[in-house]
Amino acid sequence: MRFLINLTAASSVALLVSSSASAATITQWNFQNIGTIGTGFLTNSPAASTGTGTAIVLGMDNTFNTNPSQAAADVLNDSVAPSDTSVPNRSWRIRGGAVPVGGAASNGWSSFAPEKSQGAQFNASTAGFENITVSVDLQTTNQGVRNWAFQYTLNGTTWTDFGAIGTSTGGDAWNVISRDLTSIPAVNDNASFGVRVVSAFDPTTGTYRNAANTGGLTNTSGNWRYDFVTISGTAIPEPASLGLIAASGLLALRRRRGGKLA
């Protein structure tokens, strides 16, 4: 009977812990906070719509071929992404543009780019949070790169793959990338945390393929669009909160001992 009392008290403590640790959005980019948009609002580093963080374009400044490229990302009104039902819906289009001095048309994406070097990066502190999860809506247009890799960093400079290489379904489709990082304690309470979704080789051919899977990249068209980039976690309880939870558990135990079951 005493074992039953202890088990019941432990359950009460567990319930208190779970109720005090609901998931919350730490930082999010849904791009609805960007100003007036016509055909597109040029920005290579859009501000977060919730919380604080930094988003940057990767690999669009390059001279891999005869058409040198520079980053020319923009936010535009777009088709509704799976996780974002805002109206009008906005996404961040990653692409390059011609270098101003004598540059020919260029889109930045290149079949000559090193693997995992092109895409976008999102940095956001997880200080005060644990049980980190990340979700990204990604659209790969037909002539964009077909495969992607999800990576995270603990120090802002070293990047580690997490999860299998993703493959677009083609047809300008949106893909929802979800990663649960709760198995990696070092991402908790980390001011240098960041994630990125970057170009990857096709696992079968070992080369870049376009999303339509009709061949390689043309280097002159195609793009990726990001939306509803969300970093979430649960608040780490303060020592005082932990003490209160423990005291509540002890109080529950004492009350049960004083009752009929004691």
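Residues: numbered from 1 along the sequence shown.
The shortest heavy-atom contact between Ser110 and Asn65 is OG-ND2, 4.1 Å. The minimum heavy-atom distance between Ala211 and Ser168, with the atom names listed, is CB-OG, 4.0 Å. Residue Trp109 comes nearest to Ile94 through the heavy atom pair NE1-O, 3.1 Å, listed as atom of the first residue, atom of the second, then distance. Residue Trp92 comes nearest to Thr43 through the heavy atom pair NE1-O, 3.0 Å, listed as atom of the first residue, atom of the second, then distance. The heavy-atom pair separating Ala98 from Gln70 by the smallest distance is O-NE2, 3.6 Å. Of all heavy-atom pairs spanning Ala72 and Gly97, the tightest one is CB-N, 3.7 Å.
Checked by atom type and distance alone, the side chain of Arg90 pairs as donor or acceptor with a backbone atom of Ile34 at under 3.5 Å. The backbone N or O of Ala73 lies less than 3.5 Å from a partner atom in the side chain of Asn44, making a donor-acceptor pair. With Asn188 contributing its side chain and Asn131 its backbone, the two residues share a donor-acceptor pair below 3.5 Å. A side-chain donor-acceptor contact under 3.5 Å links Asp189 to the backbone of Gly128. With Thr54 contributing its side chain and Asn123 its backbone, the two residues share no donor-acceptor pair below 3.5 Å. Judged purely by atom type and a 3.5 angstrom limit, Thr204 has no side-chain atom pairing as donor or acceptor with the backbone of Asp202. One N or O on the side chain of Ser49 and one on the backbone of Asn30 form a donor-acceptor pair closer than 3.5 Å. Side chain of Ser106 to backbone of Asn67: a donor-acceptor contact under 3.5 angstrom is found. Although no hydrogens or angles enter the test, the distance criterion places no donor-acceptor pair under 3.5 Å between the side chain of Glu130 and the main chain of Thr234.
If you chain together hydrophobic residues whose side chains sit under 4.5 Å apart, Val134 and Leu154 fall into the same group. Cluster annotation: Met60 is connected to Trp224 through the hydrophobic network of ILVMFWY side chains, with a link wherever side-chain heavy atoms come within less than 4.5 Å. Hydrophobic clustering (side-chain heavy atoms under 4.5 Å, transitive across Ile, Leu, Val, Met, Phe, Trp, Tyr) keeps Ile231 apart from Trp159. By the criterion of side-chain heavy atoms lying less than 4.5 angstrom apart, applied directly or through intervening Ile, Leu, Val, Met, Phe, Trp or Tyr residues, Ile184 is grouped together with Ile26 in one hydrophobic cluster. Under the 4.5 Å side-chain heavy-atom criterion for ILVMFWY residues, no single connected hydrophobic cluster contains both Val197 and Ile56.
The shortest side-chain heavy-atom distance between Arg93 and Thr141 does not fall under the 4.5 Å cut-off. Using a 4.5 Å heavy-atom threshold, the side chains of Leu76 and Ser91 count as touching.
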Report task. Assess whether side chain to side chain contact (heavy atoms under 4.5 Å, CB included) is satisfied between Thr52 and Ser125, documenting all intermediate values. Result -> CA-CA 8 Å; Thr52 303; Ser125 171; over 6 Å; no

Query raised in the report: Can you list the steps and then say if Leu181 with Phe193 is a side chain to side chain contact (heavy atoms under 4.5 Å, CB included)?
Result: CA-CA 12 Å; Leu181 303 178; Phe193 177 72; 3.6 Å; yes

Requested in this report: Could you walk me through whether Asn155 and Thr153 pass side-chain hydrogen bond (donor to acceptor under 3.5 Å, both in side chains), step by step?
Outcome: CA-CA 6 Å; Asn155 57 16; Thr153 183; 3.2 Å; yes

Report task. Test Asn62 against Gln118 for side chain to side chain contact (heavy atoms under 4.5 Å, CB included), laying out the working first. Result -> CA-CA 10 Å; Asn62 64 69; Gln118 298 192 292; 3.7 Å; yes

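A donor-acceptor contact closer than 3.5 angstrom links the side chains of Thr205 and Thr207. Under 3.5 Å, the side chains of Asp161 and Gln151 contain a donor-acceptor pair of N or O atoms.
Here the straight-line distance linking atom CZ of Phe129 with atom OG1 of Thr27 works out to 8.5 Å at 0.5 Å rounding. For the atom pair CD1 of Ile177 and OG of Ser135, the computed distance is 8.5 Å after rounding to the nearest 0.5 Å. Atom CZ of Phe228 sits about 9.5 Å away from atom CD of Gln32, to the nearest 0.5 Å. A distance of 7.0 Å separates CZ of Arg209 from OG1 of Thr214, quoted to the nearest 0.5 Å. Of the inter-residue distances, the one linking Lys116 atom NZ with Ser199 atom OG reads 9.5 Å to the nearest 0.5 angstrom. Summarising the geometry, atom CD1 belonging to Ile132 is positioned 12.0 Å from atom OG belonging to Ser183; distances are rounded to the nearest 0.5 Å.
Taking the six-membered ring for Trp and the full ring otherwise, Tyr226 and Trp29 have centroids separated by 6.0 Å or more.
Among Asn175, Asn213, Asn147, the one residue that satisfies the side chain to side chain donor-acceptor pair (under 3.5 Å) test with Thr167 is Asn147. Of the residues Thr140, Val80, Thr169, Asp227, the one that meets the side-chain contact (heavy atoms from CB on, under 4.5 Å) test with Trp174 is Asp227.
Below 30°, between 30° and 60°, or above 60°: for Phe150 and Phe162 the angle between ring planes is above 60°, a perpendicular geometry. The aromatic rings of Phe201 and Tyr208 stand perpendicular to each other, their planes meeting at an angle above 60°, with 30° marking the opposite boundary.
Every side chain to side chain donor-acceptor pair (under 3.5 Å) that Asp84 has, sequence neighbours left out, goes to Ser86, Asn89.
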